[in-house]
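Scroll down for the structure; my scribbles are underneath it.
Residue indices begin at 1 and follow the sequence shown.
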Amino acid sequence: MSQHHPAPDESGPWPWAPSKLARQQYEELSSHPTAPTPQDAVDQLILRIITDPYGAGSTRSESRPEWDRVAAEGPVVIPYQVHDPARNPQVRQRAVIILRILWAD
């Protein structure tokens, strides 16, 4: 597989947005002092995803497209989608969409 080298204007972290569900889950983490997962662990995984969306996770299953991915660290699991105009001409802007924030008990 060939490596994608970003153009100069594509350097740095990718813009990202949470889905409505992910935003709600994130807010629940920040408002519960006894949250099952520390919010900074979630923040670190999100940072890893937006810094390197293809390297941070893997495709959710072999039958799923390359842009439909999931990353995990410890008990935290974050499914996400990579919107990459360099790999998908239907996408206009590069971005990462955080779909959900999950954690194992």
Side-chain angles (χ1 to χ4, degrees):
M1 212 148 112
S2 66
Q3 289 289 335
H4 171 70
H5 296 287
D9 63 337
E10 290 183 358
S11 61
W14 288 52
W16 69 281
S19 68
K20 190 174 181 180
L21 177 61
R23 183 186 323 271
Q24 178 183 349
Q25 290 169 322
Y26 188 84
E27 287 170 2
E28 286 173 9
L29 279 179
S30 64
S31 64
H32 286 79
T34 57
T37 301
Q39 189 171 8
D40 45 337
V42 173
D43 290 340
Q44 286 175 355
L45 186 52
I46 290 173
L47 180 61
R48 205 175 89 203
I49 291 168
I50 64 174
T51 302
D52 182 9
Y54 292 106
S58 58
T59 54
R60 291 210 273 173
S61 74
E62 287 186 24
S63 62
R64 305 292 291 203
E66 181 186 28
W67 50 262
D68 191 17
R69 305 182 76 76
V70 62
E73 187 158 324
V76 183
V77 179
I78 298 180
Y80 62 98
Q81 293 179 345
V82 182
H83 291 211
D84 187 352
R87 298 187 187 201
N88 181 353
Q90 297 175 337
V91 176
R92 297 206 189 296
Q93 293 181 296
R94 74 183 196 128
V96 172
I97 307 300
I98 305 295
L99 300 176
R100 290 189 301 286
I101 300 170
L102 310 167
W103 46 86
D105 292 298

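Taking CD of Q24 as the reference point, atom CZ of R100 lies at 13.0 Å (rounded to 0.5 Å). For the atom pair Q90 CD and H83 NE2, the distance stands at 11.0 Å (nearest 0.5 Å). Taking CD1 of I50 as the start and CG of L45 as the end, the distance is 10.5 Å to the nearest 0.5 Å. Of the inter-residue distances, the one linking E73 atom CD with Q44 atom CD reads 7.0 Å to the nearest 0.5 angstrom. A distance of 9.5 Å separates CH2 in W14 from CG in D52, rounded to the nearest 0.5 Å.
Hydrophobic clustering (side-chain heavy atoms under 4.5 Å, transitive across Ile, Leu, Val, Met, Phe, Trp, Tyr) keeps V91 apart from I98. At a threshold of 4.5 Å between side-chain heavy atoms, the hydrophobic network of Ile, Leu, Val, Met, Phe, Trp and Tyr places I97 and V70 in two separate groups. By the criterion of side-chain heavy atoms lying less than 4.5 angstrom apart, applied directly or through intervening Ile, Leu, Val, Met, Phe, Trp or Tyr residues, Y26 is not grouped with L21; the two fall into different hydrophobic clusters.
Among all heavy-atom pairs drawn from T51 and L47, the shortest one is OG1-O, 2.6 Å. The shortest non-hydrogen separation linking P53 to R69 is O-NE, 3.4 Å.
Residues passing the side-chain hydrogen bond (donor to acceptor under 3.5 Å, both in side chains) test with R23: none are found, sequence neighbours excluded.
At distances below 3.5 Å, at least one donor-acceptor pair connects side-chain atoms of R48 with backbone N or O atoms of A56. Of the possible donor and acceptor atoms, none in the side chain of Y54 sits under 3.5 Å from a partner among the backbone N and O of V82. Distance alone, capped at 3.5 Å, is enough to place a donor-acceptor pair between the Q25 side chain and the I101 backbone.
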Might you work through the side-chain contact (heavy atoms from CB on, under 4.5 Å) test for I46 and Y80, ending with a clear yes or no? CA-CA 10 Å; I46 290 173; Y80 62 98; over 6 Å; no

Applying side-chain contact (heavy atoms from CB on, under 4.5 Å) to Q81 and L99, what does each step give before you reach the verdict? CA-CA 7 Å; Q81 293 179 345; L99 300 176; 3.9 Å; yes

